[in-house]
Structure formats: structure tokens, C-alpha cells
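Below is one structure, written out as C-alpha cells; the observations come after it.
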Amino acid sequence: MTALFADHTLRVVALGAGLLGAVSGALGSFAMLRRQSLLGDAISHAALPGIAVAFMLTRSKAPVVLMLGAALAGWLATLAVMTIVTRSRIKYDGALGIVLSVFFGLGLVLLTLLQKRPDASQAGLDRYLFGQAAALLVDDVRAMAIIGAGALAVLAVLWKEFKLISVDADFGAAIGLPVRLLDTALTSLLVIAIVIGLQTVGVVLMSAMVVAPAAAARQWTNRLGPMVALAAGFGVVAGVGGAVLSSIVARLPTGPTIVLALSGLVLVSLLIAPARGLAWRALRRGQHRRTVEADAVLLDLYALALQHEEDLEHGHDEAVLRAMRGGQINVRRSLEKLAQAGLARRTGHGRWALSAAGRARALEQIDHAGEHA
Amino acid sequence: MIFGAANLFSGPAGSAALRGWRAAVGVAVAVTVGCSGDEVGPTERLPAVATTTIVADLVREIGGPDVSVVSLMGPGIDPHLFKPSEGDIARMSRAAIVFYSGLHLEGKMTEVFERMRQLGRPTVPLAECVPVDKRLTAAGFSGVYDPHVWFDVGLWKHAASCVSEALSEHDPRHADAYRERGRRYLERLDALEAAVRRRIEQVPAQRRVLVTAHDAFAYFGRAYGIEVRGLLGVSTAAEAGAADVQELADFITERRIPAMFVESSVPERYVQALREAVESRGWQVSIGGTLFSDALGDPQTPAGSYIGTVRHNVETIVAALSEPSGAGHER
Amino acid sequence: MSRGLGDRARSWAIEVEDLTVAYTDKPVLWDVDVSIPRGTRMAIVGPNGAGKSTLVKSILGLIRPVAGTVRILSRPLDEMIGQVAYVPQRSQIDWDFPTSVLDMVVTGTYRRVGWLRRPGAREKEQASDALEKVGIAALGRRPIGQLSGGQQQRMLLARALVQQADIYLLDEPLQGVDAPTEHALIGVLGMLRDEGKTVVVVHHDLQTVEEYFDRVLLLNVRNIADGPVREVFHDENLRRTYGGRVGLVSRPQRRGSPGIDAVKG
Amino acid sequence: MSPQIEVQLIAVVVAVAAALPGTFLVLRRLALVSDAISHAILPGIVVAFFLVESLSSPVLLIAAAMTGLLTVVLIELLGQTRLLKEDASIALVFPALFSVGVLLISRYAGGVHLDVDAVLLGELAFAPFDRLVVAGHDLGAKALWSMTAILLLNVVLISVLYKELKLATLDREQAAVLGFAPATVHYLLMGCVSITAVGAFQAVGSILVVALMIAPPAAAYLLSDRLSVVLILGGVLGAASGVGGYWLARGIDGSIAGSMAVVAGLVFLGALLFAPQRGLAAQLHRRARQRWSFAERMLLVHLLHHERTPSAAEETAGHTVHRHLRWSERFTAEVIRRAEAGELLRREAGLLQLTERGRQIAQRALLELDERDGLGELGGRDRRRRAGRTIPGGAVEE
């Protein structure tokens, strides 16, 4: 492992992706909980006119200049979205859709105007939106570390306020918090994180980095603190893991590998996270179903016993029991379950009868049903 | 109804638009009346459209004063990322003949040109003038070819012949002139090719390696015996992996390659990342300069023409690679 | 400060004057005047869309009115923002948010804790006490998403309790809760009154108004009537609040303070 | 037909075709599904390319549309777990699918000019030159035909399923209870969205589709409460954005698709600012006006209440009335001045007297208070919920 990380490229890429994962995992948790999952997608489209204008004004393709342009446009887009949502009946998703497509359209128009200039230096301007994770530079990582640490520090300082406006904004306002200001601050942090990621690792990876770690982390815990920590952790794991994988296997692009690692984390979390996981849910449902089925067979057996004056020695054919349920349920499995619980017993080949405990249980159930009727 | 909508724009601010509108109607009439080049009057120049600056340059050279060439893509425009504007409709409508690169370089536009050809409008794909057996196929997909044929000057001669043939056919009145200019241009290309070979030979054989960000120089490499290594594929959607960067960095270090090159249409960061990786391996590689890959340079500069661009690229490459041991050296 | 003003400060918890709120051309609240004496339990009743929640939010300063003023403990609302304990409607909260019941209750102390500081052991203790008072002390560690409707409502009341305010505003706290919860909540409200707090509740169940409250505001965009329950909570006023068109009624509309009403009554 | 006119025709058809399903996307809070589809179709195109080894085969298009539908299905499946919010599902699905596409290209087809741009994204400026040719006859621009077909498909589907779509949009559970199979309706609608998106990508380019699907219907939604009106108005505004965008592009010689998106944005901005009821200007104006008109009406009602009552002299005296209304003297003077100017009241012996007009207005104001009519059709979800709790005509809720 240490040999692996001795390589400069892997070290830079893994460090950068890990940092980005940590920051966007933490900030993304808030975004996801506040239904802003698609903000990353929107900002990355909205950055295009910012990049075009920054280039028009400075005639420079320096990353800092373009990043500032992108950040400004992204921030304006976010404000536009917030304005539309608070001042009209258009919901968040609609506002995002409008703002992202209109900003991008504006960017397109600006690019066509730029294309007309007899100036070869504007080439590939829009490729700045598609940064590549494998081409991270030491300076990028340094910038990410500084800005990321700043963003996390703000998050830590305003933690309880951010938490309150996310779960119950009106109550926040009622106790006197400046909700709009806090809202803008939290969203701005996210914009910063997204824009850094944008030109280094690209649009799609950034969209995934914001949502996926949070979505995975949410399944494992019901507390905000652990969730944010876990999301940051997932972000790091996927970032570093994807980087390592893409440096072991040739022609495995780093960004998509990280996205797929994140998606895998989400999938696994959805399936097996304790309490919420789908696998557990299915297991519980199956258990419940088996219990209900066994109870039904138990009652059937009791009904048959009644026909024989509650003679518990008299065995009944499994086929009869199956016929009573019209093949709807697995009678054999239910009988075996009852036998295991000592409620029924096998009296002969394919014949079954209730035990004394089974009879008591059946009576109990009938009483219970009577109470509810 | 559409006309009604158009008239809405005839207010004070819309008068320019209205003028444009009238011009457009005029053009439309002209197009329906005189669609093919045969009907161009004796004193008029044949209106031609070219997609990339490279194609436009070739058509200008051979068409000379008899053809007016409009290039859809300006200097520096990566054909993969070209965005047409409204004026391109009129430019296309006006054209008696369209020259494009083809082999899917222009993406969806290629299909449009093919369909136009089926309807009898002359559209000429220059890269497809290169015989199939001389084309490079893309990574195992038969029938899908690398479109960047122009950096093999020998192959570009096929394109030049194609242009003079096509012009002669569609504008027979100037056929002699086109053939004559074509012949002379071919001579210039011959001279260019000889010069390129001479210059390349000055680079020590083991250093004849061209490292760039993307795979546009495969034909160039094959023609002049230069090994070409790129970080990205042709597709703008493709992405490099960390292993690709490491591999290329190892290669540069092992071969003691002194310089890498930046392309005008690809952000520099890819090459910079590579340089950092190489540096960490104890070798210093310089960035040898900017190469023009899919588009020519600024019109006023020497790199504004195809021949000038090839010279620029070759001089840049030779200068950087043959530097004794100044830029690239072990630390 | 004059003595008269001091008396007033002692007597009124909330004074709403000429409050008019409109989202569109139709007012939601129109010229509402109501004064709520300190230490009383007051119900706000009225049909749907009568502006009950809007009135509550206006008193909290969450909504900017077109006209009118609100005074809390005889001071302008602007100075008093955050000093009224608030139980919002349950639907306002994102119940899927990952946080525990105790943490949620602790948010009630945030104003006291202030900026830059974290709530500590003392705040947690206060929150636990509040949960005890509403009868769900055992649920402190449970995620809010796993609460039943009644438990959610108890938690929200507990959060208001830790605000340690003099005035409590509750928006439909008894809506859709089970009988034991209703009983527990009413018990807490009684306790608050015994402590001299003022409690204002948006209420929907007319059957229980007389049992639970000592004052009532009948609201339907306008203040139809307000005052002690036994004086204003009668069929005529209810008909005017809920029933068909009010039109021009023979009795002059009650204006001014409920104190005057009481004298008139 | 000149290509310029054809471009505008295509723009109009695309805009209307996009606005119809877009209306439901906006109302169902699925607006960004359209953007998600535009990214997520990449792997479909790549796999289809591997099968046919051609960049211009129609199989690629079909695969793109299928992948679009797959995207919707995956989003829906994730949503059904109820472990994630809808927007998170969208934001998880499309990067994953897109990454699969990029990975496949990078590993197996890096040398091929294979990406969404090159394979799928058409360009409006070239649409007139891409002709439909049958047996040597030029039948017009291909995009015009394909988008007209898609428009018809959308019109037919939406008119046949109008009732079901409306119900499923307003109240999905209710629709299920009434046996309207909201899931089927949802997938039919989403199939439409996917086909429209891919068809429009091919004709005009990607981001424009998102703009045309979302912005015009959203603008229409600000202007009307009726679903049918929103649908039609969305189409009209979309068409206007199309034509307007073309002329903007013409004026500045810029990207037509981009200009259309910009104009669609401006149209939305216009609606946001100037919608008669909900616009920001209307809101501001209303606040300013309400201040005076509410005050005026309040004064009139106050006077009405005290007409011919014993306390009239005290309550309606011009110089004391402000105390009863708890207004400042200056404010009261201004309200009285305005009411006098409007001939709503007059001064008689220092007392304020209602004119006949003033009395009518006061009476109407009182009546209006009782007619707080419900929310519009599209706010029906709330109204129904509330209606369930009110016993009509009774004084008791629940």
C-alpha cells in the first residue's frame, strides 16, 4: 500500500479526490436533506456564462480567473433559484431547471459570439467545465485543502443554526434567527465546493459527490452529526478508492470510477443498512408473512379438530389443509414452523394434529379476534 | 403567421432584423432558383462553404479569385465543440458547394452533408478522399476511421486533388484555372512534405516522440516516423485514468523525452499534470509549445494557413525535441 | 415610566391592533384587534382559512402584515422576536430529518445559547425535564421519524417549554392526536397557567373549548368576538363565525379590548 | 420555403411538443428529469454503437430513447424504497449511468469520436438542410417531420389521458383509489418525455429541450390556475420563445438554441415580474395599494357600524376617529383625504358621513369577507384536504 502511494500522480489524485469527497460529503448532507440534491447539476451548467464572461473581460484562460467567473455565475444562479422559489409558486426543481437551462443557453450564445472573433486563444473554453480527476495538480489540491477547510470551519461554527433552519425554518425564524441570511450562507458554501470540484474533476463527478455520500450515510444513522461525518467518510473512501482503482487498472477513467464507487456505496447502504435497509425490510416482511401463515394453518387445524369433537389425537391430512387454503400459502412450511414451536405434531404419514399448547394458542387467537370485532 | 411574427420586429429596434429578413428572403429565392454552381454567372465568384479553417484554407488556395469561401468555424474552434450560429443558415443557403472534413469529424453535421449530397447538392468530404487503405481505423472498429488526416501532408494531397476536381466539375468555366492552381498547390505540398521530412530527421531517432493531450497526431506520426502518445482519446467524453497518467509519465522518464506539447483547444492542465508526474520521477520535461491540431492559427499570423500551420507545428516539435539537453535533463 | 403603563405591562401579554394581512387581493386577516391578558389560556377558533395560523405567525413576526401592529408584553414586536414560545403545526417539520427527539427539543434553547456556542449538559437536562413534563421522557434518543402523531406533538410542546418564555403560542396542537396525548397536553397547559404563563392555542374542537380554556377568540378573517369563554362562546357568535353570511348584523361589531367587552357583558 | 422560415417552424413545433409533457413535469416536481435524461442516455448510445459499429445508425437513437425510459424507471424504483427523496434519486441515477457511458468509451472506444454531442445533438441551424427524401422527392426538413410526429403523439396521449393525468398529478393516491393506475399513467407520460427529449436533442440540441420543457410551462403556471390553460399557454409561450429566440439569434448572429433558451428565460422572468396576480410587480403594487385601500375600507366599515348609533358623535368625529382606529393622526388625515376625494364620505359638522357609494363599498367589504373563495384548480390538493374536515354549513369541524 505504501508503495502504491509512493507514486506522485496517485498521491495527488487520491488526496484531491479524498478532500473533495470529504468536503462535498459534509456539505452535500445538508443539500440532500434540504432537497437541494440537484443544485450541483444546476450550478455546473450555470457556470458556463460565468466562464465566458470572465474570459471576455480578461482574455485569460488562467484557472483562477475562470473559476471566479464560474463561482460568481453559480452563485447568481443559486440566488435566482432562491428568489423564484420564495417569490412564486414554482417549486425548487422547476426553478433549478429554468435557471440551469437559461444560464447554459446564455453561455452558449456567448460562446458563439466568442467564436466569431479572429482569435484562436478562446479554443476549448467550454472544456473547462469538464475537468478531469486524473489531471489534478498539486496547486489544485492545495486550493481544495484551504477552501475546503474554510468551508468546514464555517459549517462547524454555524452548525446548530444550519441544523435548525434545515429541519424547521419557521421555528428558527420564530426564535429570532436570520433565516434568509443563514440559508444564503449555507448554499454559498455548497456553491464554493461545487465550483472547486467543477474545473478539477468535472460536472458529473461533482453532481454525484454532493448527493451520493449523503444518500448512503443517511441510511446508516438517524443523527445529523454522525450522518455528516459518515458522508464525509464515504466521500473519502470512494474518492481514494476510485483513484487507487484507476491507477491499478489501465484505461479506467478516474472520475467515472469514483462515481461508480459512490453509486455502489449507495446501493449497498440501501440494501443492508440496519433498520432501514431493503434486505432487512424484506426479511422482516417474510418473517411476518410466515407467522401469519402459520397462524392461519393453526386455526385450520383447530377447525378440523372441532369437527372431531376437539379430538387432538386425530390426525388430519396435509392435503386437506392445503385445500382449505386453496394453495395460497405454503402449508408444509407453516406446519413445520408450528411443529418447531411445539404447537402441532405429525401423527403419521402426511397427517398432522394440534398439540395441547396449539389448542390453547388457537383459542387465544380466536378470543383476540373477538375482542377486535 | 410566421410572417406576421416577423413583422412584429419591424419596429425601430427591429429594422436591422427586418433588413436581415429581406436579405434572407432574397437568398431563399436565389437558392431555389440557382441551387447548383452551373448557373453562376461568368463574372461571379462561386460561393463555397467550408467547415473547418483547414478545409477553408485548402479551398481558398485552389479556388483562388474564382471562389468565395466562407468558413463556418473560426480560428481555434475545435470541430468537436463547434456551435453554429444563426448566420450559418444563410451561409449554408448561399453555398453552391460545401467542403467539409468528414469521417465524422463534424459530428452530426456530417450526416446532414451526406443527406444534402443525396439530394443533389454538392458536398465534398475531404478526409474521405483519402483511399480507405491509407486511413487509420479507430481502436478495432472497422468502418470507423480517425478523421485527422491532414497532418500527413501526403494524404492531404488527396484532399487537394479532390477539391480541384470538385470545383472543376461544378464550375466548368474555371475548370482550367482550378486544375492549374491544384497542380501548383500539389507542388507546394510536395515541397512542404520534403521539408518536413528533412526537419524531422534532424531530431535524434530515439527522441522522435510526440506527447500531447489528445490523439490528433496519429497520421502525422505514421507519416514521419514519430511515435505519438496522447493522454485522451478522440472523444471529448473520454476520460483518462490515473494509470494512464502514470504510464505515460513512466514512458517519458524512461525514454528521456525532453518536451511535451500543448494543443490550442485542450486545457493545459492535462499536460501540466503529466509534467508534475514526470518531475516526481526525477526527470524534467519542458512544455515545448503549442501545436495546432484541429484548427489553424490566427489569420494574420504565419500559422493562419495550412502550410504555415504545418511548418509551425514541425518547427515547434523539432526545436523542442532536438534541444541538446537544456530543457530536459536529469536532476 | 408612568404608573398606568406599568399596569398595562402587567395586564397584557399580547396586543394586536388593526392587523391586516393579505397574500392576494383578498385579506386573510382584516382589521383584527385583540388583546390577550397575561396568565390566561385562550383558544383561537374559526373555520378553515379563517386566518388562525396567520394570526399566530403574525404575532411571532414570521409574516409581515399590510397594516397593524403587534405588541408583546407592551413592547414592540421587533424587540421581542424570539421571546414567545412556539409550537408549529406538525406538517411544517421535515420528519425524515436525521435527528433525535432530545436534540430537537434542545433547539428550543438555541436563543439562550446564542451564536458560536454549543448547547451543553445544562440544556440537555432542561430538554429532558421538558420531555418528562410531556410524558415522553423515555423517547429522548429516538429519531424523530419514528414518533407517532401524538408523540410528535408532545415533542414540539416540550421544545416550546424549554424556550422558557412567558407566552406560548400553539398552532393546532390537538389536531389528530390520541386521547392520552390530548390529556397530557392539556395537563401541561394547566401547569403553565398555574405558573402565570399566557397560553394561546389554535383549536379546532368546539366541544372542548369551555373545558380547556378561559378565554376564546372567534376568528373569521375579522375578530368576530373575543373574551371570557362563558360570555362570548355562544351560538349567536358561533353562527357568525362559522355560519352563512354575516352581512350587516344588528349588534355593532365589538371593537377594542376584551376588558371593555367584559364590562359591557 | 426559405430555411429561415423552416427553422422557425421547427422551433415552434419543438417548443409546443416540449411544453406539453413539460407542464406535467413542472406540476409533478420532476422538472429535472429532463436534464437527467440528457446525461443518462450516453451508455445506451455507447452500447448501441458497439452493436452496430456505426455512428449514424438510427439504432443509436432508439437506444437513447430506451435508456431515457430506463433512467425514469430507475429513478422511480429508488423513489419507491422511500429511503430517498425524489430529487436525490434523480441526482443519483444520472451520474451513475453517465459514468458507465464514459467508462465504456474510455476503455473500449477512446479513439472513436463517440459522445452525446457528436452522435445525438443536432443543431437547429442545420435542421433545414437535413431533408427527408422519399423516392427522390424532397419532402421538407426531417426535423420538422419527426418533431411534428412527436407533437402529435404528445397531443393524442395528453388528450386521451387528460383526466387521468390531471388526477394523477393533483393527487396520486386518490387516482389509485379511483382505479386510474397512476403508475401506468406516469410511465406513459415519462415515455413521452423521453421520446420528446431524444427527438428534440436530435433536432435542436440538448439544453434547449430542458429550457423549453420547463420555462414556458412554469411561466404559464404563474399566469393561470387552470390545467388546460396552463397546457395551452405553455405551448404558446414556448412557441413565442422559439420565434423570439430565432430573431435574437439573428440580431446578434449567435446560437439559435442558446438564444431560444435565453428568450424562454426572459419570458419566464416577464411572468415572474409582471403576472397580473402573482407577479412581483403585482405583489409590490398590491402591498402599496392595500395599505391605503384596506385602511379606507376599514374607515368606511367603522363609520357604517356607528351610523345612527348613540356613540356616533364620538366615534365618527373627524378629529377623534384616529383614536378609535388606533391610527396616527397623519395617517388618518391622509385616509380621510383619499376617501373624500373618492367621494366615499363627506364631512358634516365635524362628523364623517358615508356617501351612498361609501356605504355600498363598506357593505360589500363586509360581504366579501365571507366569500373567501377557495384556491384555484391547481391548488386543489389543499382545498380537498381542507374540505374533508369541514362539515358544510355546520359550526363544527370534524
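In what follows, every chain begins at residue 1, and chains take the letters A, B, ... in the order their sequences are listed.
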Looking only at heavy atoms, what is the nearest atom pair of A:G28 and A:L190, with distance? N-CD1, 4.2 Å

Using a 3.5 Å cut-off and no angle test, enumerate the donor-acceptor pairs between side-chain atoms of residues 169-183 of chain A and protein atoms at least two apart in sequence or in another chain.
unit_1: A:D170; atom_1: OD2; unit_2: C:K57; atom_2: NZ; d: 3.0
unit_1: A:D183; atom_1: OD1; unit_2: A:R34; atom_2: NH1; d: 3.4
unit_1: A:D183; atom_1: OD1; unit_2: A:R34; atom_2: NH2; d: 2.5

Residues of residues 102-112 of chain C with any heavy atom under 4.5 Å of a heavy atom in chain A: C:D103, C:M104, C:T107, C:G108, C:Y110, C:R111

Inter-chain contacts: residues 133-154 of chain C against chain A, heavy atoms under 4.5 Å: C:P143, C:I144, C:Q146

Which atoms of A:S166 come close to chain C, meaning under 4.5 Å heavy atom to heavy atom: side chain ones, backbone ones, both, or neither? both

Is A:R218 paired with C:D96 through a side-chain N to carboxylate O contact shorter than 4.0 Å? yes

Is the backbone N or O of C:I36 less than 3.5 Å from a side-chain atom of C:T40, with the two atoms forming a donor-acceptor pair by type? no

Test your reading of the model: is there a side-chain donor-acceptor pair from A:K91 to the backbone of A:V85, 3.5 Å cut-off? no

Between C:P88, C:P119, C:A160, C:P98, which shows the greatest number of heavy-atom pairs under 4.5 Å with chain A? C:P98

Residues A:L27, A:V210; criterion side chain to side chain contact (heavy atoms under 4.5 Å, CB included); working and verdict: CA-CA 7 Å; A:L27 292 170; A:V210 169; over 6 Å; no

Among residues at least two apart in sequence or on other chains, which ones pass side chain to side chain donor-acceptor pair (under 3.5 Å) with C:Y168? none

Could you walk me through whether A:W220 and A:S269 pass the side-chain hydrogen bond (donor to acceptor under 3.5 Å, both in side chains) check? CA-CA 7 Å; A:W220 296 88; A:S269 304; 2.8 Å; yes

Measure distances from C:I93 to the heavy atoms of chain A and classify the residue's part below 4.5 Å as side chain, backbone, both or neither. both

Under 4.5 Å from a heavy atom of chain A, the part of C:W115 involved: both

So which of A:V154, A:L158, A:L155 actually passes side chain to side chain contact (heavy atoms under 4.5 Å, CB included) with A:L186? A:L155

Please tell me if the side chains of C:L156 and C:P173 come closer than 4.5 Å, counting only heavy atoms from C-beta onward. no

Working note: A:M144 + A:L20, criterion side chain to side chain contact (heavy atoms under 4.5 Å, CB included); need CA distance, chi angles, decisive distance, verdict. CA-CA 7 Å; A:M144 280 179 193; A:L20 214 58; 4.0 Å; yes

